Amino acid sequence: MPGQIGDRASPKFVTKALSGHSALGLTTAAFLYILTVSGTISVFNHELQRWEQPGAPELASISPQAAERAAISMLTIEETTTSHFFIQLPTDDLPRVVLTTDTRAVVTDGTGTIVTEEAHPWTQFVLDLHYYLHLPEKIGLTVVGMLGVLLLGSSISGFLAHPSIFRDAFAFRFSGSARLAQADLHNRLSVWTSPFHVSIALTGAVLGLASITAFAIATLDHEGNTEAVFAPVFGEEPEENAEPAPLAGIARALTYMQAEHPDIEANYVIMHEPKTKGQHLQVLGIHPRRLVFGEYYNFDQNGEFVQTVGMADGKIGQQIVASIYPVHFGSFGGLPVKAAYVIFGVILGYVVSSGFKIYLLKQREKGSDSLRLEAAWTGVMWGTPVALSLALLGSVTGTIPAAALPAVFWISLGLTLFIAITTPKWKLLGQWLRGGTGVVLLIATFAHLSVHKENFTSPAATSTTIVFIVIALAFLIPLLKAPPTSR
Amino acid sequence: MKMFPAFFGTMSIALGVGVLRFAWRRKNRMHSLIILGGWMIILGGLFLWGQVGSADWGIALGTLLFICLAMILLGFNAWPAFVNRDRKPPPAPRTNESQISDQTPRGVCAKHLSAFFLAAPIGGGIAIILTLSVFELLQTFGVETANGIVTTFFLTPFLWTTIATWMVIDTTIARKTTLLFCFAALSALHLAWVQ
């Protein structure tokens, strides 16, 4: 594999490939960086949800009867009819029962009694940033999918542009020019983490672009009905019938799962058109040691098992599609896989960032004045964590409502960029932003501690609090040692 | 978790990465054979990991392990260079950065923006037309609908990536535009015909 590719590639082709690599990377770098940072945080979204609401009841399991009781209570107090209704059952990384309708989400205790509204605004804000860049849902998803395509394109053009990348897969030159050191680190990290970033980019692109692909197929073959496109993969929903009916037998369905599939963990109860004659009950079961996110078990109105959809053992296409989400978010192997995803996510952030820096260093070597661009990149790179930390601070202190968090993030980032561009010679910008991130993160963590002091020692709070403090110190400690000159 | 395949799978991947490291920069006749051997040992390790649970799950875990082990070895390799970073610079780079042509910042910006628009909206549109055409072909050949749909879900980004990469690499705009529009026109004709 190493070496030979490069020996055959013509210098002209390599130059073109490198130019293409730069073009793709430079035009999308800022958004790719923001998506990488938000994606890396999203890997631990369950843990963050728990941390944001440490007082919510946590339990290892809930009885089928209690789950049904909770569903009845929820649908009784719900003022409007809901088209979809979910019960999230306790799992290892999210040991909570959450009931969600079209309009609200509540947490229940082990008896099925509703305890409180679900509240994890910051985690949801980060997820929305990663899924949609806070744009309207469909547009955002498509834009993010397109960025996945361009990340994949950057990876491929990067390999084409660096034909000796495999031959030099272990080479490092820290001495000499800063650009060479950056380039070596960029290339070495890119090549060895390529299985990760290629799969992340591809699955991200598939997730983002599936809706427009489905829309195109629907327009061509199904008179614009996209549900008809997804049906062969995810199963069909039965005909709607709005006539009232008693709630489908949730307890019976869950009891069936416990009796017939004791090795499969029921993760979600999903109801379509609940309390109508057309209602449709599904249980999502997690299959251990599988890459698929789970299997849908369909039940009738009485809670009698009907059939599975086939996500775990159906058509190969169904199994592949069911594996996309776990591969993208690293939710297929517990804490070790999540930790690996965070490390590789940080590396990907570095690769994106160093790619831009290499370009800037090259410009500087050529004598071109790219001070403003350099400052702008510093603003994006270190302004992103500052903006995320400010949103966190506003969220945990309750001073900023959930709906305003995206505005806080984008305005903060915009302000950082403005300062960077208007003061391009200010060498301390990066240090100030790193310091700002550390300080704001520490304040947010201690604010969270003071708001939730009665749950200080709860498993939902302790480890994440420690991680936040460590991250804040990781931003602050190097600043104490660094000479006050570099960006 | 099955301990036996997991343990030997891990050992095999570690050995494979070690062999690749050993072969690095050695320029003798055995070089290519050693590298091939290294990759074979890694594949063997992934195969063993495939026995740990379901094949897809095990291989995914084995691949993550491969990256981790490679990064550790890379760290060992980088450490001496990092410690000696203030010494005399090494020989001239073998990378190809110096081959980039000199352009004004405005020229670079315009070039990158035009490349972006060629790669993103135009590339995307053509990729979708091609994907639809392939989907109809799959249907014609009797491929299961679910499999055909999932193929298109992957095909759209794959084709888009290929077109985007090609658009930004090939500098002969007339040639690439003509070829792409030919593909798109053929696909559109095919779609019109199957309707």
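Because the structure is a prediction, the values reported are computed rather than measured. Letters A, B, ... are given to chains in the order of the sequence lines, protein chains preceding strands, and every chain is numbered from 1.
- Contact annotation: the side chain of B:Leu73 never approaches that of A:Trp192 to less than 4.5 Å [non-hydrogen atoms, C-beta and beyond].
- Looking only at distances, no side-chain donor or acceptor of B:Trp160 sits under 3.5 Å from a matching main-chain atom of A:Met146.
- Within a 6.0 Å radius of NZ in A:Lys338, more than 12 heavy atoms belonging to other residues, nucleotides or ligands are found.
- Other residues, nucleotides and ligands contribute more than 12 heavy atoms inside 6.0 Å of the CZ atom of A:Phe234.
- Interface residue A:Phe344: only side-chain heavy atoms are found under 4.5 Å from chain B.
- Interface residue A:Leu209: only side-chain heavy atoms are found under 4.5 Å from chain B.
- Side-chain contact between B:Phe154 and A:Ile324 is present, with heavy atoms from C-beta onward closer than 4.5 Å.
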Original post:
Going through the distances and angles, do B:Thr156 and A:Thr213 end up as a side-chain hydrogen bond (donor to acceptor under 3.5 Å, both in side chains)?
Top reply: CA-CA 7 Å; B:Thr156 305; A:Thr213 307; 3.1 Å; yes
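- Only the side chain of B:Phe66 comes within contact range of chain A, judged by heavy atoms closer than 4.5 Å.
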**OP:** Report the C-alpha distance between A:Phe332 and B:Leu64 in whole Å, list the side-chain angles of each, state the deciding distance to 0.1 Å, and finish with yes or no for side-chain contact (heavy atoms from CB on, under 4.5 Å).
**Re:** CA-CA 12 Å; A:Phe332 60 88; B:Leu64 288 183; 3.8 Å; yes
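- With chain A as the partner, the residue from B:Thr131, B:Thr145, B:Leu132 showing the most heavy-atom pairs under 4.5 Å is B:Leu132.
- With a threshold of 4.5 angstrom between heavy atoms, A:Ser194 does not approach chain B through any atom at all.
- Interface remark: B:Leu191 contributes side-chain atoms only to the contact with chain A (heavy atom separation under 4.5 Å).
- The aromatic ring centroids of B:Phe153 and A:Phe230 lie less than 6.0 Å from each other.
- Across all non-hydrogen atoms, the minimal contact from B:Pro157 to A:Val206 is CG-CG2, 3.8 Å.
- Among residues at least two apart or in separate chains, there is no salt bridge (Lys or Arg N to Asp or Glu O under 4.0 Å) pair with a member in residues 181-195 of chain B.
- Only the side chain of A:Ile212 comes within contact range of chain B, with at least one heavy atom under 4.5 Å from a heavy atom of that chain.
- Scanning all heavy atoms of the two residues, the minimum distance from B:Thr165 to A:Ser157 falls at CG2-CB, 3.9 Å.
- For the residue pair B:Ile67 and A:Pro195, the shortest heavy atom distance occurs at CD1-CB, 3.9 Å.
- Highest contact tally toward chain B, considering only A:Val292, A:Val327, A:Leu202, is held by A:Leu202 [criterion: heavy-atom pairs under 4.5 Å].
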**OP:** In sequence, state the C-alpha distance, the side-chain angles, and the governing distance for A:Arg290 and B:Ser54, and then conclude on side-chain contact (heavy atoms from CB on, under 4.5 Å).
**Re:** CA-CA 6 Å; A:Arg290 289 295 309 273; B:Ser54 67; 3.2 Å; yes
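- Judged as a ring-ring contact (aromatic ring centres under 6.0 Å, His included), and not counting sequence neighbours, the contacts of B:Phe4 are B:Phe8.
- Using a 4.5 Å cut-off between heavy atoms, A:Leu207 does not touch chain B at all.
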Subject >> Criterion side-chain contact (heavy atoms from CB on, under 4.5 Å) on B:Met71 and A:Ile343, from CA distance to verdict >> reply: CA-CA 11 Å; B:Met71 296 306 289; A:Ile343 293 167; over 6 Å; no
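- Between chain A and the residues B:Gly53, B:Ala164, B:Ala146, the largest count of heavy-atom pairs under 4.5 Å involves B:Ala146.
- In terms of heavy-atom pairs under 4.5 Å with chain B, the best-connected choice from A:Pro336, A:Ala216, A:Ala340 is A:Ala216.
- Looking at heavy atoms from C-beta onward, B:Glu136 lies in side-chain contact with A:Leu220 at the 4.5 angstrom threshold.
- For A:Thr28, the part sitting under 4.5 Å from any heavy atom of chain B is the side chain, from C-beta outward, and nothing else.
- Using a 4.5 Å cut-off between heavy atoms, A:Leu147 makes no contact with chain B at all.
- Looking at B:Thr152, both its backbone and its side chain come within 4.5 Å of chain A, counting heavy atoms on both sides.
- Counting only heavy atoms from C-beta outward, the side chains of B:Val150 and A:Lys315 never approach each other to under 4.5 Å.
- Contacts of A:Leu150 with chain B are made by side-chain atoms alone, with heavy-atom separations under 4.5 Å and no backbone atom involved.
- In this structure, CG in B:Asp56 is found 9.5 Å from CD1 in A:Ile320, a value given to the nearest 0.5 Å.
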